[in-house]
Number of protein chains: 2
Amino acid sequence: MARNRALPRLAGYPLAMAARDLQEQIKKLIVDRRLPSGAPLPTEPELMEHLGASRNSVREALKALQAMGIVEIRHGFGTYVGSMSFAPMIEGLAFRTVAGHYRGEDSLLRLLELREAVETGLVSRLAGRLPEADLVELDALVDRMEQEAAQGAGLAETDRAFHATLYRGLDNVLLSEVLEAFWDAFHRVQRDLVDVPQDPRVTCRQHREILDAVRSGDVLRAEEAIRDHFGNIRTRLSG
Amino acid sequence: MARNRALPRLAGYPLAMAARDLQEQIKKLIVDRRLPSGAPLPTEPELMEHLGASRNSVREALKALQAMGIVEIRHGFGTYVGSMSFAPMIEGLAFRTVAGHYRGEDSLLRLLELREAVETGLVSRLAGRLPEADLVELDALVDRMEQEAAQGAGLAETDRAFHATLYRGLDNVLLSEVLEAFWDAFHRVQRDLVDVPQDPRVTCRQHREILDAVRSGDVLRAEEAIRDHFGNIRTRLSG
DNA sequence: AAGAGTCAGCTGCTCTAACCAACTGAGCTA
DNA sequence: TAGCTCAGTTGGTTAGAGCAGCTGACTCTT
């Protein structure tokens, strides 16, 4: 029983532009118009007309792009080109780790090992090459860390700043963002899942040692210092 | 002109569960049920009931999760827990690079520098520590590369395999995936944007040198070999 | 009885149409 | 002039209908 109906579509338009294609079209629009981060995108009705799709399909495409950090949607305001940060990657990595953890895998440990492998490799490129200004800043951060340790406060944010400042010396924003993404994912999962109490004084001493080693220019010592630091975290995870 | 209407909602339910929360609910469902990759998720109608949301909202949440690689949707078949690979990260990184490129930034170069920084650091951990089996495999890959070079064929796939096999020795699947993601993103963008012709013989020689250096256990030589390799690519980009 | 074709029914996909909710800015009010 | 209100914009959510891919059981043929 054929239930044919006249197609309510304009001739010349593709019948159904798959959602995947819609995403591509919107990305193409951003690239073609050279839109920078924060630039406004067409409104939903405009996109409907431009892409020849229904509101629903347009919105699904936008949602997917939002999940990838490519667009940013603000209710009642408009849609904008996203910051293209690594926030989505952090999200994905964190979930992957959490899911693995609950299935009995050592996913958190492996994430830590990823950080250790990368940072150990990178610190050797830094040893003896960090500008004095950065070293001073790192000094201040370790001081603050010791202060926080004395007060029994958490060191997380300062730890994050220390690592960020350290690898800023590599002079590659992309690399810094990736490292911060790994840090964020790890700490988010650690906080949600295990949250093992740490001895802040040990952590402080290890950061001081990393800094001293980098300042001295001794590559092997710097690598060893990083390895010690991660070894400490690893012990806490297993314990 | 107030156009009030009785709310068609069950009491006790939140009026509007934002799409963001819907995503969290679905992720929670995966974690709570310990669903592994490939496990089937509830159908759309089931999710509608379970989450108390409309079809549309459920679908938008699923689309976002699909973009993050957390779920996989198969038309006419069902929805499944995704592979949680880094495919979404590759997508995001590639787009970010393409968009930056068209806005006049050296985004592709910075992506290459990211790879160089990470791989240079990692290769020093490998030098002299690779099992003989891996070294043999790498030999075969360079051989194949030379063969392809002689035939004037592309070396891309073999290059990918070389790097993948090399860092497999670090024995961290997560790390390997990240490196491959960087490789994929870089080559995808390079292919789409510049596609500079290369001298395959130089590339072969450099891979041979990397392999020899790693086999010899000379850390500095290995780092230098990697740097040379990336320097070659960098020259092609600028030229 | 064995094979091939058909069809009912699942699944997700797309469309339309209406209303809800957040935000802005012009214009009114005090 | 300062503050409020309200109309109009934008995205958010719901509803219901029909489209499209896939599976498996049923039937018809051989």
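Reminder, nothing fancy here: chain letters follow the sequence lines and each chain counts from 1.
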Please confirm whether the backbone N or O of A:His101 pairs with a side-chain atom of A:Ser107, one donor and one acceptor, at under 3.5 Å?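 Confirmed, A:Ser107 side chain pairs with A:His101 backbone.
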Next on the checklist: When you measure from the side chain of A:Asp106 to the backbone of A:Leu109, do you find a donor-acceptor pair of N or O atoms at a distance under 3.5 Å?
Outcome noted: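 Answer holds: no.
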Practice item. With rounding to the nearest 0.5 Å, note down the distance linking CG in A:Asn56 to CD in A:Glu60. Key: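 Atom-to-atom, A:Asn56:CG and A:Glu60:CD are 5.5 Å apart.
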Taking only the side-chain heavy atoms of [X] (C-beta and beyond), determine which of [options] contains the nearest atom.
X       : options                : value
B:Pro45 : C:dT14, C:dG12, D:dT13 : C:dG12
A:Asn56 : D:dA15, C:dC13, D:dG12 : D:dA15
A:Ser54 : C:dC15, D:dG11, C:dC13 : C:dC15

Rounded to whole Å, how long is the line connecting atom [atom1] of [X] with atom [atom2] of [N]?
X       : N      : atom1 : atom2 : value
A:Leu47 : C:dC15 : CG    : P     : 14 Å
B:Arg74 : C:dG12 : CZ    : P     : 12 Å
A:Leu62 : D:dT13 : CG    : C1'   : 16 Å
B:Lys63 : D:dG12 : NZ    : P     : 17 Å
A:His75 : C:dT24 : NE2   : P     : 12 Å
B:Glu60 : C:dC13 : CD    : C1'   : 14 Å
A:Glu49 : C:dT16 : CD    : P     : 13 Å
A:Ile73 : C:dC23 : CD1   : C1'   : 16 Å

Check: Any side-chain donor paired with an acceptor under 3.5 Å for B:His163 and B:Glu119?
Finding: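 Yes, side-chain donor-acceptor contact under 3.5 Å.
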Report yes if a side-chain nitrogen or oxygen of [X] is closer than 4.0 Å to either non-bridging phosphate oxygen (OP1 or OP2) of [N]; otherwise report no.
X       : N      : answer
A:Ser57 : C:dC13 : no
B:Arg59 : C:dC13 : yes
B:Thr79 : C:dG12 : yes
B:Arg55 : D:dG16 : no

Review point. Do you know which of A:Ile90, A:Leu93, A:Ile233 makes side-chain contact (heavy atoms from CB on, under 4.5 Å) with A:Phe186?
Key: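 Answer to the side-chain contact (heavy atoms from CB on, under 4.5 Å) test with A:Phe186 among A:Ile90, A:Leu93, A:Ile233: A:Ile233.
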Review point. Which residue lies toward the 5' end of DNA chain C, A:Phe77 or B:Glu44, if each is placed at its nearest nucleotide?
Key: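 Final value for this comparison: B:Glu44.
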